[in-house]
Asker: 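Take a look at this one; I'll ask things after.
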Amino acid sequence: MRALRRSWALAGALKNLLKVSDEVRDALATNKPVVALESTIYTHGALGNDLDLEGIVRKTGGVPAVVGILDGVPTVGLLPNEVTQMVENSPKKASRRDIAFLVGNGMLGNKMNGGTTIAGTMILARLAGIRVFGTGGLGGVHRGGHNSFDISADLTELGRTRMAVVASGCKGFLDIPRTLEFLETQGVHVSTFADGRRTGNVDFPAFWARESGVKSPAVVQNEEQAAAMIYAQETLGIESAILFANPIPEEFSIPKSEMDAIIEQAVSEAAEQGVLGAENTPFILRRIRELTDGRSVPANKSLVQANVHRATKVAVAVSRAISGDLVASNQSIRGRSCSGKCSRQIIPEDTDHKKQHGEQADIIVAGSVAVDLSCDYVRSHGAGDPSPHLHTSNPAQISQSIGGVGRNVALAAHKVSGDMMVRLCTMVGDDIAGSTVLQSLESAGMDTSSVRRLDRKSSRTAQYVAVNDAEKSLVLAMADMDIFTANSFPAHWNSVVSTARPKLVVVDANWAETDIRSWVKAGKQSGARVVFEPVSTAKSARLFCPSKGHEKLGVFPKPSIDLATPNQYELAAMHAAAKANEYLEDPCWWEIIDAFGLMGARDRFIKLTSAAMTDTGIPQQIMQLLPYIPTLTVKVGSEGALLATILNKEDPRLIDPAQDPFILSRCFSDHPHVGGVYMRLFPSVEHVEDVVSVNGVGDTFLGVMVAGLARGGRVEDLVNVAQKGAVLTLRSSESVTALNTAVNLRTTANAMSSNRADNSTDEESDASLEHYESDGDSSSEDTAPPKRTTRPILEKDSDEEELERLVLGDSANFRQQLFKGDDAESHFGGFGAEGEQDVDSMEDLDDAQLFFLDAPPAASKQLVQGSKSSAPQKDSKNAPAWEDSDDERLTVSLASVPQLRKLRISEAEDVVNGIEYTNRLRQQYLRLNPLPGWAKASEQPPKKRRRRSSGATDDTSDSDSSESGASDGEDEVSALPLDKFLRDARSLKEGKTAKAKKLRPEVINIQRSRDMADSHKDPVTSLSFHPKYPVLLSSSTSSMLFLHHIAPTAHPTPNPLLTSAQIKQVPVRHAEFMDPSGDKIFFAGRRRFIHSWDLPSGLIQKTEKIQGHHLEQRTWERFKLSPCGRYLGLIASTRKGGGIINIINVNTMQWIAAARLDSRGGIADFAWWSNGNGMTILGRSGQVGEWSMASRRFLAIWTDEGSIGGTVMALGGRNGPVLLGTDRWVAIGSKSGVMNVYDRQKLVLPSSDDELVVEEHPEPERRFMQMTTPITLLTFSPDGQILAFGSKHKKDALRLAHLPSCTVYRNWPTEQTPLGRITSLAFGRKSDTLAVGNDGGKIRLWEIRS
């Protein structure tokens, strides 16, 4: 009884027994078409598993929802593996009478499966909110049913549950006339699809036969008519169902006469053998299959698939009806039938003001039109504060004009476009303001055929009020634009665009989010380029709205938006929205970002823009939005306009010397489309002193630009022209400058593209934005690249040219010579040529081609450092016998000659003098042609006794030591080769094991240790200490792995580098040693594969796919190894059904299990138990699951108290619950900056059963609220006494907490502690060392003392 009470309490805590999958729930919430499917067709059917009904639904535009009872839980939206689980566990048939029995037993722990019949499916689907159900054939009244009362429960269910059921009638061996009579008694409407037949002569189908001899009570012509009936039924509140009979496809039907004879024989045999009740139907079906020689099986299969296809088309039509998009006889369906409040009105087609719009247009502008009121403050006596006073009246000059972003853009484009057609698509109300707007547009000569005038009283013409100060600068603006967000005509606008077939479609952000996507889709479908105008900071975020319910935004090379022109504040708002709504986490976005090759781009940003602009983050935000909007022109006020665009592989600007100063980056990866990024700052063309009005300045800028683009102009050629148009508007009282002042502007724009218009084909004019070319000359000086001041470059003499040829090769064999010396021991392996490279797909490369392992001798280090000195040492014994005095005056440009770019130390470097140039050529030659052994021996310095690193061994020979010495005689630690390091690993062990220390709370004794001499070029992404030896593994996105010996007292180099590895084109984001032996390293980047590095053998293996799960694993970067060394946990990329962690056997790299946590937003993080027998999983919504490897299921699920978006978690401490891996503490960080710490001993509730019972909503032991930005780093010390937590989003954001007191150490870190922006943390294996990596690539160490 105790178990019974616990189960009842658990059931009472559930808000709803019905489980609806996330996909179905989201589809219903966003009015996507959903089709219910019964599960008995899988559990008790005989049609096999190749029906692909779910695939049919998806291909037709719907969302499938398989209904069934899984483990006692009624579920709508079963996944394929869940259906398989049902089939394999002896499911029962579940009709109305069986549902409560199966679910009730499931609540008591007796979990059973049930395949729902038509009746059962209708009930559960109706509870979930589904309207349409597709199935095979209906049950009915059996022959002789008027005596036996053998009537299917399907019929009574149709009379009491509202659902549109699409089926091929009832089984042919049933009493069809009595079945129809029974349905009539139950109030069920029956219609048969005409399917091309005449309305008055349509039979109700008889399953295998298209005719039954019984006329259908009603006939429906198409899916739209069926949808209207469903809509009306729901709106009127009629709770009975509608049966739509769909005849079997004619090619699979069996003639009625033949089927009648077969059915009579089967029914007779059933009667003779006394087969009654539930066994009657299966018996008859089996005999029919035998008597038709199996023809009934493909017929049955075909009719089921046809019915599901038809049901999906009906569901699509219903969805359109609800959204107001279903139009019949020029009248759309009014209102919504949704249960919630619907703020948007679905307006009928306006027949009064409907005009012909069949004419083509070059530019369509979809945006707002409004009556503008401009209120300009007037200072008293012409002096004083230029700003108006608050909370009182102010003297002003108030003027009225017609404006609106869409209208302004269209008018500007119209005025400069000449004979091109510009069409404005907008809405006005049936009021005086609407009439004024129409008259204004017509008087300007604009096309008003697509201006809709709404006749509803609630639809007012939009109005805009601007309050300006005495200097005409905007102080405050108020806008009433509800007419654009409260009304929607997607079908009408789509018709306008498809008919007009424009070159460009401009969409402003005044529309509702769904309508913005509709406009974008319509533009793309018509083959037009789409331009987005953000309007304001608040409205600009609508483009990157939450993705649920909206079509996915396309990414380059197939973007949904081709161009946008925000100002710097709108850009920041768009970027914030894209980040908040996870657009910047899409794998397709990452592929483009990775192809940009922007590591260490800050210097280039400053060079192309300015330090202030870079610090503001403008170029960084542009780069992150470019994959979605490949061309961005950002208006930066008085500084002008900043243009950025993605160049494809064949873009001529990549090889044009005149454009080279504006090439921000070049793509050297194997991306098939990205060639580089073009960024250019256009200064303001004029500083305007006599500003009349600022209204419409940005709109004029865009209007002029799109007019030039429609004529085939290039964006970079049009920016200054558009700025000149904006200047004219600044001097005008109108929101768009007067027509007569724009004539010169139009002439300029036309001249820029005249040659292209004359010489280009239509196909060329429709090319993407980055391919605009112009053969015409531009008279604007601003379009020319800025001049570079350089010293004169002297010609090379014959000796220099010969030396250069020997080192770098000539043009014929340049590539061959360039990589001649790149072998497995080259320290420079990752620094490739800047020219074009032919790189194959990463998955197709051999591992040997991906890695460069090195243990660089000191000579190699000197080779790198030597480049910093421009002159050789005078006391060197190998001083040159003769020096050319002209070398100091000689200058050589390294950037202008592709073959010399490899000699640069940084990309910004260009000109060097002759001495430095000679030194670098010599170094390059020595690198490609190393000295032979006999030459090295003669150059060694005298042997010296020195203190060696603990990384060296006692048996290391003197010759080995001397060979790694520096050529200048200075002592340098020898970096042991990898095999030698492993062979002598015992030398890294400490002599004695220190006693376990006990730390005191509040104050910690922590001392700065020696930092790593080697630093990464990019942020340190992970740190991992070897489980046995004092060795630290570090990784970064610069594709480097470092292994350092932690020896702060080593001489002459503390913490020497043992070895390093470079992985071509793999920005490593996570790497760690495999416990408990540490003889393997696993590492991965944002790629579809992972590598394991076997240290004893040096063998590197790549795992590319998880068999059967590769589609859900688009990246391997989020992995963790179990402490037992047996498993690898990997967070899957998919979020379907919550989130998944795939578990892989480390030895075989084969999939063995998957842990799925039903958490909204997917999985945030997970941590293995200390014994490796399970893991704790954190969902983004705050759910925490305890998953066991033994039972392959969740032992418990609880909730993080007050969670606002979980981010990271960690386990630590000892003597915790045995059933949960003995970890005592669990720490959970969130987006709000709050971190909760729970004592797992208190988490587990006492229970007399063997079953684990945990507190579902536990109170944390302590809440840490020291951080104000999202927690991104959490780690416990191995002894469980310290918890380190921090955030990478803020500088010096790191804290240490003592356990078990749960107090934060107050004495560290201090304001002087050099942390930087922390990106990784790790404790040494004895908890006496803390390693901190930051975004500058530095690794700093601290020693923790007792």
Asker: Can you confirm whether Lys1288 sits close enough to Asp1335 that some side-chain heavy atom of one is under 4.5 Å from a side-chain heavy atom of the other?
Answerer: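 SC-SC contact between Lys1288 and Asp1335 ruled out.
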
Asker: Are any side-chain N or O atoms of Asn581 and backbone N or O atoms of Phe544, one a donor and one an acceptor, separated by less than 3.5 Å?
Answerer: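 Yes; at least one donor-acceptor contact below 3.5 Å.
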
Asker: Could you tell me whether the side chain of Ser1038 and the main chain of His1016 form a donor-acceptor pair under 3.5 Å?
Answerer: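 Absent.
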
Asker: Test side chain to side chain contact (heavy atoms under 4.5 Å, CB included) on Asn1307 and Ile1004; report intermediate values, then the result.
Answerer: CA-CA 7 Å; Asn1307 67 314; Ile1004 186 172; 3.6 Å; yes

Asker: Taking all atoms of both residues into account, what is the closest heavy-atom pair of Thr1275 and Leu1283, and its distance?
Answerer: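 Heavy atoms only, the tightest pair is O-CD1, 3.5 Å.
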
Asker: Evaluate the side-chain proximity of Leu1211 to Arg1240: yes if any heavy-atom separation is below 4.5 Å, no if none is.
Answerer: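 Heavy-atom side-chain distance check passes, below 4.5 Å.
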
Asker: To check you understand the geometry: which heavy-atom pair defines the closest contact between Arg1126 and Asn1173, and what is its length?
Answerer: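 Taking every non-hydrogen atom into account, NH2-OD1, 3.2 Å.
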
Asker: If you count the non-hydrogen atoms of other residues, nucleotides and ligands that lie under 6.0 Å from CZ in Arg1008, is the total more than 12?
Answerer: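 Count over threshold, so yes.
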
Asker: Distance check, rounded to the nearest 0.5 Å: Ile1152 atom CD1 versus Met1189 atom CE?
Answerer: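 One finds 4.0 Å between CD1 of Ile1152 and CE of Met1189.
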
Asker: Using side-chain hydrogen bond (donor to acceptor under 3.5 Å, both in side chains), reason through Thr1269 and His1289 one step at a time and then give a plain yes or no.
Answerer: CA-CA 6 Å; Thr1269 53; His1289 300 291; over 6 Å; no

Asker: Check the side chains of Gln85 and Asp71 for a donor-acceptor pair under 3.5 angstrom, ignoring hydrogens and angles.
Answerer: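 There is such a pair (donor and acceptor under 3.5 Å, judged by atom type) between the side chains of Asp71 and Gln85.
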
Asker: Just verifying a value: how many Å separate Ser1092 OG and Met1074 CE, rounded to the nearest 0.5 Å?
Answerer: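 So the gap between those two atoms works out to 9.0 Å.
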
Asker: Less than 4.5 Å apart, side chain to side chain, heavy atoms only: is that true for Ile1339 and Phe1042?
Answerer: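 No, side chains not in contact.
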
Asker: On a heavy-atom basis, which atom in Ser1035 and which in Leu1041 lie closest, and how many Å separate them?
Answerer: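 Closest heavy-atom pair between Ser1035 and Leu1041: CB-CD2, 3.4 Å.
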
Asker: Minimum heavy-atom separation for Ala577 to Ala541, with atom names?
Answerer: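 Smallest heavy-atom distance, with atoms named: CB-CB, 3.6 Å.
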
Asker: So if I apply the salt bridge (Lys or Arg N to Asp or Glu O under 4.0 Å) rule between Asp1165 and each of Lys1120, Arg1118, Arg1180, which one comes out positive?
Answerer: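 Of all the options given, the one that passes is Lys1120.
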
Asker: For Gly1229, is there any backbone N or O sitting under 3.5 Å from a side-chain donor or acceptor partner on Thr1207?
Answerer: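 Such a contact is found between Thr1207 side chain and Gly1229 backbone.
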
Asker: Taking the inter-plane angle between the rings of Trp1187 and Phe1194 on a 0 to 90° scale, is it parallel (under 30°), tilted (30 to 60°) or perpendicular (over 60°)?
Answerer: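 Geometry flag for Phe1194 against Trp1187: perpendicular rings.
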
Asker: Measuring only between side-chain heavy atoms, which start at C-beta, is Phe1276 closer than 4.5 Å to Asp1223?
Answerer: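 Result no, sub-4.5 Å side-chain heavy-atom pair not found.
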
Asker: Are Arg1156 and Glu82 ion-paired here, with the side-chain N under 4.0 Å from a carboxylate O?
Answerer: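 A salt bridge is absent here (no side-chain N lies under 4.0 Å from a carboxylate O).
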
Asker: Calculate, to the nearest 0.5 Å, the distance between atoms CE and CZ belonging to Met1235 and Arg1262 respectively.
Answerer: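 Here the interatomic distance stands at 8.5 Å.
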
Asker: Below 4.5 Å, heavy atoms only, C-beta onward: do Trp1116 and Ile1106 meet side chain to side chain?
Answerer: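 Trp1116 vs Ile1106: side chains touch.
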
Asker: Carefully, step by step, assess Thr1313 and Trp1342 under the rule side chain to side chain contact (heavy atoms under 4.5 Å, CB included).
Answerer: CA-CA 11 Å; Thr1313 305; Trp1342 279 267; 3.7 Å; yes

Asker: Are more than 12 heavy atoms from other residues, nucleotides or ligands located less than 6.0 Å from atom CZ of Arg1192?
Answerer: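 Yes.
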
Asker: Atom OG1 of Thr1310 and atom CH2 of Trp1308: how far apart are they, to the nearest 0.5 Å?
Answerer: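 Rounded to the nearest 0.5 Å, the OG1-CH2 separation comes out at 9.0 Å.
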
Asker: Check side-chain hydrogen bond (donor to acceptor under 3.5 Å, both in side chains) between Gln621 and all other residues, then give those that pass, not counting sequence neighbours.
Answerer: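 If we apply the side-chain hydrogen bond (donor to acceptor under 3.5 Å, both in side chains) test to Gln621, skipping adjacent residues, there are no hits.
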
Asker: Side chains of His575 and Leu584: closer than 4.5 Å at any heavy-atom pair?
Answerer: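 Yes, close enough: below the 4.5 Å cut-off.
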
Asker: Got a donor-acceptor contact below 3.5 angstrom from the Ser1159 side chain to the Ile1163 backbone?
Answerer: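 Not at all, since once roles are kept as given, no pair shorter than 3.5 Å links the two residues.
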
Asker: Can you confirm whether the side chains of Ser1133 and Thr1115 place a donor and an acceptor under 3.5 Å from each other?
Answerer: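 Note: Ser1133 and Thr1115 side chains miss the donor-acceptor criterion.
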
Asker: Give the intermediate values and the outcome of side chain to side chain contact (heavy atoms under 4.5 Å, CB included) for residues Ile1081 and Leu1095.
Answerer: CA-CA 7 Å; Ile1081 295 174; Leu1095 296 179; 4.0 Å; yes

Asker: Which atom pair, heavy atoms only, marks the closest approach of Pro587 to Arg1114?
Answerer: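 That would be CG-NE, 3.1 Å.
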
Asker: Say you draw a straight line from CD of Gln1150 to CD1 of Ile1144; how long is it, rounded to the nearest 0.5 Å?
Answerer: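 Spacing of CD (Gln1150) from CD1 (Ile1144) equals 9.0 Å.
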
Asker: Please test His1026 against Leu1033 for side chain to side chain contact (heavy atoms under 4.5 Å, CB included), starting from the C-alpha separation and ending with a verdict.
Answerer: CA-CA 7 Å; His1026 195 281; Leu1033 166 68; over 6 Å; no

Asker: Strictly distance-based, threshold 3.5 Å: is any side-chain N or O of Gln1241 a donor or acceptor partner for the main-chain N or O of Asn1215?
Answerer: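 Judged by distance alone, yes, a pair lies under 3.5 Å.
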
Asker: Side chains of Thr1176 and Trp1169 only: does a donor on one sit below 3.5 Å from an acceptor on the other?
Answerer: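 Yes.
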
Asker: With side chains defined as the heavy atoms from C-beta onward, is the minimum distance between Val1003 and Arg1306 less than 4.5 Å?
Answerer: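 Result yes, sub-4.5 Å side-chain heavy-atom pair found.
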
Asker: Any donor and acceptor pair, going by atom type alone, linking the side chain of Ser1022 with main-chain N or O of Ala1071 inside 3.5 Å?
Answerer: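 A pair under 3.5 Å: yes.
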
Asker: Is there side-chain contact between Ile1090 and Met1149, with at least one heavy-atom pair below 4.5 Å?
Answerer: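 Yes, close enough: below the 4.5 Å cut-off.
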
Asker: For the residue pair Leu1023 and Ser1034, what are the closest heavy atoms and their distance?
Answerer: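 Minimum heavy-atom contact is CD2-CB, 3.6 Å.
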
Asker: Taking the inter-plane angle between the rings of Phe1264 and Phe1285 on a 0 to 90° scale, is it parallel (under 30°), tilted (30 to 60°) or perpendicular (over 60°)?
Answerer: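 Phe1264 and Phe1285: tilted rings.
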
Asker: Supply the atom-to-atom distance Asp1292 CG to Glu1311 CD, rounded to the nearest 0.5 angstrom.
Answerer: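 If we round to the nearest 0.5 Å, Asp1292:CG and Glu1311:CD are 9.5 Å apart.
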
Asker: Looking at Glu1201 and Arg1263, is there a salt bridge between them, counting it only when a charged N and a carboxylate O are closer than 4.0 Å?
Answerer: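 Looking at Glu1201 together with Arg1263, the answer is yes, because their closest N to O distance falls below 4.0 Å.
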
Asker: Main chain of Val1066, side chain of Ser1039: is a donor-acceptor contact present, judged purely on distance under 3.5 Å?
Answerer: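 Yes; at least one donor-acceptor contact below 3.5 Å.
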
Asker: Report the C-alpha separation of Trp1198 and Glu1186 in whole Å, then their side-chain angles, then the decisive distance to 0.1 Å, and conclude whether the side-chain hydrogen bond (donor to acceptor under 3.5 Å, both in side chains) test is met.
Answerer: CA-CA 8 Å; Trp1198 51 281; Glu1186 307 286 353; 3.1 Å; yes

